[in-house]
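Worksheet for the structure shown next.
Sequence positions, counted from 1, serve as the residue numbers for this chain.
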Amino acid sequence: MAKNVVVVGSQWGDEGKGKIVDWLTGYAKGVVRFQGGHNAGHTLVVGEKVYQLNLVPAGIVHQGVSCYIGNGVVLDIHHLLEEISGLESDGIEVRSRLGISPACPVILPYHAELDRAREAARSPDCRIGTTGKGIGPAYEDKVARRAIHVYDLFYPEILARKLKENLDYHNFVLTRYLGASAVDYEKVLAQALADAEPIKPLVIDVSEELRSINASGGNLLFEGAQGTLLDIDHGTYPCVTSSNCVAGQAAVGSGVGPGSLHYVLGIVKAYCTRVGGGPFPSELDIETEGQPGYQMSRKGREFGVVTKRKRRCGWFDAPALRRSIQINGITGLCVTKLDVLDGLDELKICTNYRFKGKTLDFLPVGAEEVAECEPVFETLPGWRESTKGIIVETDLPAAALNYLKRIEDLCQAPIDIISTGPERMETLLRHHPFE
């Protein structure tokens, strides 16, 4: 009987989902990306080769596995074609194994112009930290019912009319409100029509393809982007992304019923990171050599795959993870980057928050309240031994096992997988999600 697994980020993104999706792909017939856009960055290390993906699902490096971009993704076709070309130059066959939903909203040049102009217009302390790639404006068009979808690209007259109406509106905002330059209609139309031709053979009914795989007994793996605490509904709003990053979106964003989601794997780092603005209760100093945050930043190579910005680093945050477990219905956890903590004399875990004279066990809703939370820390002994590449649980240092056990106890969720390095095989399995 088929089993389907959803992989979601359970912190502020960048938890190492790409590696785990790649590792689990060996047990699936199809891998599905269900939200976000090319603001996501998944890094895969396979032997000597490093792959950095933005839109193509991380399962693509496995031969014989079909990959899908679901309707919940906003699609920059020009970027997708460049990504496909890069993979093909590495000898990976993509086009025969990649399917795109015709219902994906398309990101067009004016979306990126709006994104950058809005961020520039905000005062520095109010900037969201957007990637400037047009993700938010594209989702806005979808909700406003003026989006151009992939299927519109194959009807030139309808596309031209919709595009004209959209640019009349967006150019007014760009020039009259944001003081930016207008976007040229003819250039956008020409590029959209040109980009449509090479992706036309890839456009399929993703929902039906997924149903067919399950009906034949094949497993599916649903790949999330960003992280739960950046979810547009449940994250630290307004310092969030523009899509739903939680497990429930796997059904909505790919066209399967929620009853088809059998296991939710929450990916968490052994510490916490965050890119861009927004509150971060357990944040540490990452610039002072010798400090724990400095080690997390340098040893963990904590910079954004997409933005190249330094990630802020902090101690593990149990109240934040409790909220993620609650929202996602997480079945089991995968802890990544345990090896980054090797060599620290002591570790701290944020067990709860103090907020206006009360103790909170869960991350509150909204950036303003989170910013007022004072973390309450518990100190645990660290370990000197290296955990890099360990795949047998009994080989882990006793202090590392105690640290992981304390996370399980505080968050009331089992740690089923432990990642001890970036490579595919540097993975310690306790319980297999596809069993």
Practice item. Show the numbers, then the answer: is there a salt bridge (Lys or Arg N to Asp or Glu O under 4.0 Å) between Arg312 and Glu283? Key: CA-CA 7 Å; Arg312 300 151 64 192; Glu283 186 170 9; 3.0 Å; yes
Where the side chain of [X] meets the backbone of [Y], is there a donor-acceptor pair that is under 3.5 Å apart?
X: Arg322; Y: Asn352; value: no
X: Lys29; Y: Ser216; value: no
X: Thr351; Y: Glu378; value: no
X: Thr420; Y: Ile390; value: yes

Check your understanding: Relative to each other, are the rings of Tyr151 and His149 parallel, tilted or perpendicular (30° and 60° limits)?
Key ->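 Rings of Tyr151 and His149: parallel, as their planes differ by under 30°.
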Check your understanding: Between His79 and His38, how do the two ring planes meet: parallel, tilted or perpendicular, split at 30° and 60°?
Key -> tilted
**Study point:** Partner of Tyr271 by side-chain hydrogen bond (donor to acceptor under 3.5 Å, both in side chains), out of Glu302, Gln295, Gln11
**Key:** Glu302
Review point. At their closest point, which heavy atom of Arg274 faces which heavy atom of Cys239, and how far apart are they?
Key: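 Smallest heavy-atom distance, with atoms named: NH2-O, 2.7 Å.
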Review point. If you take all heavy atoms of Val268 and Ser10, which pair is closest and at what distance?
Key: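 For Val268 and Ser10, the tightest heavy-atom pair comes out as CG1-CB, 3.5 Å.
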Point to revise | Partner of Asp14 under salt bridge (Lys or Arg N to Asp or Glu O under 4.0 Å), chosen from Arg311, Lys19, Lys310 | key: Arg311
Point to revise | Evaluation steps, side-chain contact (heavy atoms from CB on, under 4.5 Å), between Ile417 and Arg430 | key: CA-CA 6 Å; Ile417 301 172; Arg430 284 172 155 180; over 6 Å; no
Check your understanding: Do other residues, nucleotides or ligands put more than 12 heavy atoms under 6.0 Å from the CZ atom of Phe154?
Key ->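 Buried by this count: over 12 neighbours within 6.0 Å.
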Practice item. Might you confirm whether atom CZ of Arg301 has over 12 heavy atoms from other residues, nucleotides or ligands at distances under 6.0 Å? Key: no
Exercise for review: Salt-bridge test for Lys388 and Glu426: reply yes if a basic N is under 4.0 Å from a carboxylate O, no otherwise.
Suggested key: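 Salt bridge: yes.
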